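Worksheet: the structure to be examined is printed underneath.
Since this is a predicted model, take the numbers as computed values, not measurements. Both counts, for ligands and for their atoms, begin at 1 and track the order of listing.
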Amino acid sequence: MQIYSKFRYLCNSIFAKMNREDFPILNQQINNRPLVYLDNAATTQRPTCVINSLSEYYNTINSNIHRGVHHLSQLATSKFEKSREAVRAFINAKSSHEIVFTRGTTDSINLISASYGKRFISSGDEIIISEMEHHANIVPWQFVCEERGAKLKVIPIDDFGVLDLEAFRQLISPKTKMVAVAHVSNTLGTINPIKEIISIAHQFDVPVMIDGAQAISHETVDVQVLDCDFYCFSGHKMYAPMGVGVLYGKEKWLEAMPPYQGGGEMIKKVTFEHTTYNELPFKFEAGTPSVADVLGLKVAIDYINSIGKPAIAAHENELLAYATSEMLKIDGVRVIGTAPHKSAILSFLLDGLHPYDVGVILDQLGIAVRTGHHCTMPLMDRFGIPGTVRASFAMYNTIEEVDRLVEAVRKAKMMLS
Ligand code: C6P
């Protein structure tokens, strides 16, 4: 508390409490204690307006889209396309044709890697990722490498969890056909210098795909300013329903890439001899999408905009700074991920204790954190650790909850040592 004035503490609490009222799930007891939900990097909770939008859709609109002349189908279609426009504006894409709805980040990256790989990657080519990538931004590229005879190259990181840009400059070459990196690391919280990475890659005419899963609810994302070629994210990490994600792609790439899946909606004309494909973005949206979730995504975007991303980020940064300084006061705590530019993620270990055991005690005390490798096994190998305990913050978390976390970690240490 010394470095946090009472005034800042109070302001932080008021901001979180105003938001908390919108999230009914937070108002419950887990193991006889008020829930402290600090697993927001895995999935955020949904505000009432998003939850209500789902039942409203099924109660009053439910219909398939782009198919019917009847009223409900037209209503659903028009709302679906309004969501696309809301996403376009949210990330400032040039055109709504560049917004493809998917099931989530994993689905978006698989779409890009399979489709781009088929058209643009051949034997001897190279794909660059980083040492801090989530499995969703490793394995799909390994598939491509295996299929096309290409090679995966990895940008190393330093002990703070910062990308080695010099090493990146050395890795990129005329053989490079794609650079795919996270905007924010889900395990370390590092905010990567993606604008610089994109600019370096573009000097070699190499496109860049950004995995924005952990950035989208914290960072202001402007795909035109970034000049990224692809940007992927999931709705469920930004207060929207599970089951919807976004792939942004520059029109020139999406036009040049072949469809990912075949089926209804992605075609223009089908005969047994030959099929032609629909225009963007429908070429990449085969089959019936999760309409209710897509509509819910717009409600979540409106909700975030009504609070303001900069205000949300400022609040979370305050929580992160406070949590980090309080946690480091505990003997034997080691923070994994100490980059100067970090988002709302605090990964740590307690000397000699397995993260899983710590997580179980925290759960008994009503605190939800994630433990383990966080789908970043190569990163765990880099640090020579089995996993971490990860607390991740959102707009509704309070300083008091950080105090509860720190107190619980002290208790876990006492019980397990
Ligand atoms: N990370 C976490 O607890 P999906 O599952 O498709 O919505 O998102 C995958 C994904 C891709 N990239 C990054 C950087 C991510 O953090 C995630 C999801 C969650 O860290 C669940 S493993």
Side-chain angles (χ1 to χ4, degrees), residues 37-46 87 100-114 129-143 154-155 157 161 163 179-192 194 197 208-219 221 228 230-248 260 289-290 293-294 296-297 300 316 336-337 339 342-348 355-356 359 362-363 368-380 387-394:
Y37 186 79
L38 297 176
D39 196 16
N40 297 288
T43 193
T44 54
Q45 299 301 346
R46 285 82 179 121
V87 172
V100 176
F101 286 120
T102 64
R103 285 187 299 121
T105 309
T106 305
D107 200 28
S108 299
I109 299 175
N110 274 276
L111 188 165
I112 296 167
S113 57
I129 60 169
S130 90
E131 212 170 10
M132 68 174 82
E133 298 310 314
H134 186 281
H135 297 164
N137 198 28
I138 301 175
V139 184
W141 298 111
Q142 288 175 328
F143 290 165
V154 182
I155 311 168
I157 59 169
L163 276 184
V179 174
V181 290
H183 192 168
V184 170
S185 156
N186 68 314
T187 302
L188 306 171
T190 308
I191 303 173
N192 285 320
I194 54 167
I197 291 170
V208 180
M209 191 222 85
I210 303 296
D211 172 354
Q214 293 297 340
I216 195 67
S217 68
H218 313 285
E219 300 298 303
V221 175
C228 56
F230 302 96
Y231 196 98
C232 308
F233 57 95
S234 305
H236 73 94
K237 292 190 199 292
M238 50 170 285
Y239 311 102
M242 285 182 172
V244 56
V246 171
L247 152 57
Y248 157 79
Y260 174 50
S290 192
D293 301 324
V294 169
L297 178 60
E316 292 163 345
I336 308 292
K342 276 189 67 173
S343 191
I345 286 169
L346 176 61
S347 265
F348 61 93
Y356 175 83
L362 295 188
D363 177 54
V369 291
R370 185 170 172 188
T371 59
H373 55 66
H374 314 299
C375 302
T376 53
M377 281 185 181
L379 184 62
M380 298 296 102
T388 74
V389 181
R390 184 189 69 182
S392 48
F393 306 104

Exercise. May I ask which of N137, D211, N186, T105 has a heavy atom nearer to atom 13 (C) of ligand 1 than the others do?
Key: D211

Quiz item: Tell me: protein heavy atom nearest atom 2 (C) of ligand 1, and distance?
Solution: R370 NH1, 3.0 Å

Quiz item: So, is H236 polar-close to ligand 1, with some N/O to N/O distance under 3.5 Å?
Solution: yes

Practice problem: Enumerate the atoms of ligand 1 whose separation from the nearest heavy atom of S234 is less than 4.0 angstrom. | Solution: 4 (P), 6 (O), 7 (O), 8 (O)

Exercise. Given side-chain contact (heavy atoms from CB on, under 4.5 Å), test Y248 with C228 step by step and report yes or no.
Key: CA-CA 9 Å; Y248 157 79; C228 56; 4.2 Å; yes

Quiz item: Relative to each other, are the rings of H183 and Y231 parallel, tilted or perpendicular (30° and 60° limits)?
Solution: perpendicular

Self-check item: Close approach of K237 to ligand 1, heavy atoms, under 4.0 angstrom
Solution: yes

Self-check item: Q214 neighbourhood, listing ligand 1 atoms whose heavy-atom distance to it stays under 4.0 Å
Solution: 1 (N), 14 (C), 15 (C), 16 (O), 20 (O)

Quiz item: Does the side chain of V389 come within less than 4.5 Å of P355's, by heavy atoms?
Solution: yes

Quiz item: Is there a donor-acceptor pair under 3.5 Å between the side chain of S392 and the backbone N or O of N40?
Solution: yes

Quiz item: Hey, are the side chains of V181 and E133 touching, using non-hydrogen atoms and a 4.5 Å cut-off?
Solution: yes

Quiz prompt | Heavy atom of A182, distance to ligand 1 below 4.0 Å | solution = no

Practice problem: Report the member of H135, H134, H373 with the shortest heavy-atom distance to atom 17 (C) of ligand 1. | Solution: H134

Quiz item: Is there a side-chain contact between I129 and I155 (heavy atoms, below 4.5 Å)?
Solution: no

Quiz item: Hey, which atoms in ligand 1 end up nearer than 4.0 Å to a heavy atom of C375?
Solution: 22 (S)

Self-check item: For T106, the ligand 1 atoms whose distance to one of its heavy atoms is below 4.0 Å
Solution: 4 (P), 5 (O), 6 (O), 8 (O), 9 (C)

Self-check item: 4.0 Å heavy-atom contact, M242 with ligand 1
Solution: no

Quiz item: Any N or O of H374 that comes nearer than 3.5 Å to an N or O of ligand 1?
Solution: no

Quiz prompt | pair L379-I157: side-chain heavy atoms closer than 4.5 Å | solution = yes

Quiz item: So how far is it from I194 CD1 to I210 CD1, rounded to the nearest 0.5 Å?
Solution: 4.5 Å

